[in-house]
Amino acid sequence: MSVKRFAFARFSEVTEQCFLLFTLILLMFLASLTGNALIALAIWTNPVVHTPMYFFLANLSLLEIGYTCSVVPKMLQSLVSEARGISREGCATQMFFFTLFAISECCLLAAMAFDRYMAICSPLHYATRMSRGLCVCLAVVSWGVGCMVGLGQTNYIFSLDFCGPCEINHFFCDLHPILALACGDTSHNEAAVFVVAILCISSPFLLIIASYGRILTAVLILPSPEGRRKALSTCSSHLLVVTLFYGSGSVTYLRPKASHSPGMDKLLALFYTVVTSMLNPVIYSLRNKEVKTALRRTLDKKNVLTRG
């Protein structure tokens, strides 16, 4: 008989450790939600930043909000409650949304790199080529690919039988921990996960590398040091976000199965589901004058409305 309900493994048997971890993750979760929501709101409400780069940044902030909300609330509940269970349907739903937001972010980061390539390597044609229609199309494709991969992977994995045990050695319904609970041969499913990782993680990453290779070549031949500095500063935030996101994601999903360990997988997952989402608003707001100005205007409007 197939298992109808799963349970997440305990983080620790020591109550104090669980409470400390709960507090840290809750603070990071709230910081991530607040920062990403403020950036998205600031961009949508300030016409001065209605440009392709900030359109993609607003989408990235929305993805980060969905990304963390699909995982963290249940994780927090499991840390301080005995109610660590999740239904099979609930687990499938969590896996779908997590995969949707993760794959969409991979594609969107590639679209953002393409935008920077067009801005620096073809500045005279940038406004016409990076039209609003093209930006919307790239964003829709990013979300669409994430949705299709999420549906496909979730359906493929949950078509398997789960005979027990029912404890997930992780803090959310990630692909590898769920496959470890399935009955029978899962080699085809594991191969599918690896192929999707190659296509949806490595391929966008290679596009990003190619874009920045061309950008670096173009920047190095600029005659003005100030021009080189300005061009590189517009890319540095995106490069840092790409490094954080792809670094942890690649180590998790592109490693051989034999090298996986529950402890390392949990640590990496905690990093790319909570820490990077919290850091992204900080990275973009600290290193970008336009974002800081838009945030300041949004907060000023909020203060005026509050006083009124």
Side-chain angles (χ1 to χ4, degrees), residues 36-37 39-67 70 96-153 196-216 218 231 234-246 249-250 272 276-277 280-281 283-284 287-288 290-291 294:
N36 283 296
I39 284 184
L41 183 63
I43 290 171
W44 293 127
T45 57
N46 286 276
V48 71
V49 288
H50 285 180
T51 62
M53 181 172 74
Y54 298 111
F55 169 78
F56 291 129
L57 180 55
N59 273 272
L60 180 66
S61 293
L62 293 177
L63 283 171
E64 294 288 7
I65 291 171
Y67 199 53
S70 68
F96 164 71
F97 280 108
F98 169 77
T99 307
L100 184 160
F101 293 123
I103 298 299
S104 298
E105 184 162 342
C106 288
C107 297
L108 191 71
L109 288 172
M112 294 173 77
F114 176 72
D115 170 68
R116 291 299 82 210
Y117 160 74
M118 292 298 298
I120 293 172
C121 298
S122 300
L124 298 179
H125 304 287
Y126 176 70
T128 54
R129 291 181 179 176
M130 290 302 295
S131 64
R132 182 171 181 80
L134 178 61
C135 293
V136 171
C137 181
L138 289 172
V140 169
V141 168
S142 298
W143 287 81
V145 170
C147 186
M148 287 189 292
V149 172
L151 282 172
Q153 288 282 39
V196 167
I198 291 290
L199 293 175
C200 298
I201 295 178
S202 299
S203 297
F205 184 67
L206 290 175
L207 289 173
I208 292 170
I209 295 298
S211 296
Y212 278 105
R214 295 291 300 274
I215 287 171
L216 184 60
T234 62
C235 302
S236 58
S237 299
H238 182 248
L239 272 174
L240 187 53
V241 169
V242 167
T243 302
L244 291 171
F245 182 77
Y246 275 97
S250 298
Y272 64 73
T276 57
S277 296
N280 285 356
I283 293 168
Y284 278 108
R287 301 183 65 86
N288 192 297
E290 287 84 0
V291 172

- Item | Heavy-atom side-chain proximity of Leu57 to Leu60 below 4.5 angstrom | yes
- Message: Can you tell me how far apart CD1 (Ile215) and CD1 (Ile208) are? Round to the nearest 0.5 Å.
- Response: 10.5 Å
- Spatial distance of atom CE (Met118) from atom OG (Ser211) [nearest 0.5 Å]: 10.5 Å
- Determine, stepwise, if the pair Glu105 / Thr276 fulfils side-chain contact (heavy atoms from CB on, under 4.5 Å). CA-CA 12 Å; Glu105 184 162 342; Thr276 57; 6.0 Å; no
- Query: CD1/Ile103 to CZ/Phe98 distance, rounded to the nearest 0.5 angstrom?
  - Reply: 8.5 Å
- Please report the shortest heavy-atom distance between Ala40 and Leu62, naming the atom on each side. CB-CD2, 4.3 Å
- Hey, what do you get for NE2 (His50) to OG1 (Thr45), rounding to the nearest 0.5 Å? 7.0 Å
- Looking only at heavy atoms, which two atoms of Phe96 and Gly150 are closest? And how far apart? CD1-C, 3.4 Å
- Task: Output yes when a side-chain donor or acceptor of Thr243 lies under 3.5 Å from a complementary backbone atom of Leu239, and no otherwise.
- Result: yes
- Task: I would like to know whether Phe205 and Leu109 meet side-chain contact (heavy atoms from CB on, under 4.5 Å); could you show each step before the answer?
- Result: CA-CA 8 Å; Phe205 184 67; Leu109 288 172; over 6 Å; no
- Parallel, tilted or perpendicular: ring planes of Phe97 versus Phe101, cut at 30 and 60 degrees: parallel
Give every donor-acceptor pair under 3.5 Å between a side-chain atom in residues 126-144 and any protein atom, sequence neighbours left out.
from	atom 1	to	atom 2	distance (Å)
Tyr126	OH	Asp115	OD1	2.5
Thr128	OG1	His125	O	3.0
Ser131	OG	Leu134	N	3.3
Ser142	OG	Leu138	O	2.9
Trp143	NE1	Asn59	OD1	3.2

- Message: Donor-acceptor pair, distance only, cut-off 3.5 Å: does the side chain of Ser203 make one with the backbone of Cys200?
- Response: no
- Looking at Pro204 and Leu199, what are the two nearest heavy atoms and their distance? CD-O, 3.3 Å
- Query: What pair of heavy atoms forms the shortest contact from Cys121 to Arg214, and how long is it?
  - Reply: SG-O, 3.7 Å
- Have a look at His238 and tell me which of Tyr54, Tyr117, Tyr212 forms a ring-ring contact (aromatic ring centres under 6.0 Å, His included) with it. Tyr212
- Verdict with supporting geometry, Leu63 and Asn36, side-chain contact (heavy atoms from CB on, under 4.5 Å): CA-CA 9 Å; Leu63 283 171; Asn36 283 296; over 6 Å; no
- Task: Look only at the side chain of Tyr246 and the backbone of Cys106, and say whether a donor-acceptor pair between them is shorter than 3.5 Å.
- Result: yes
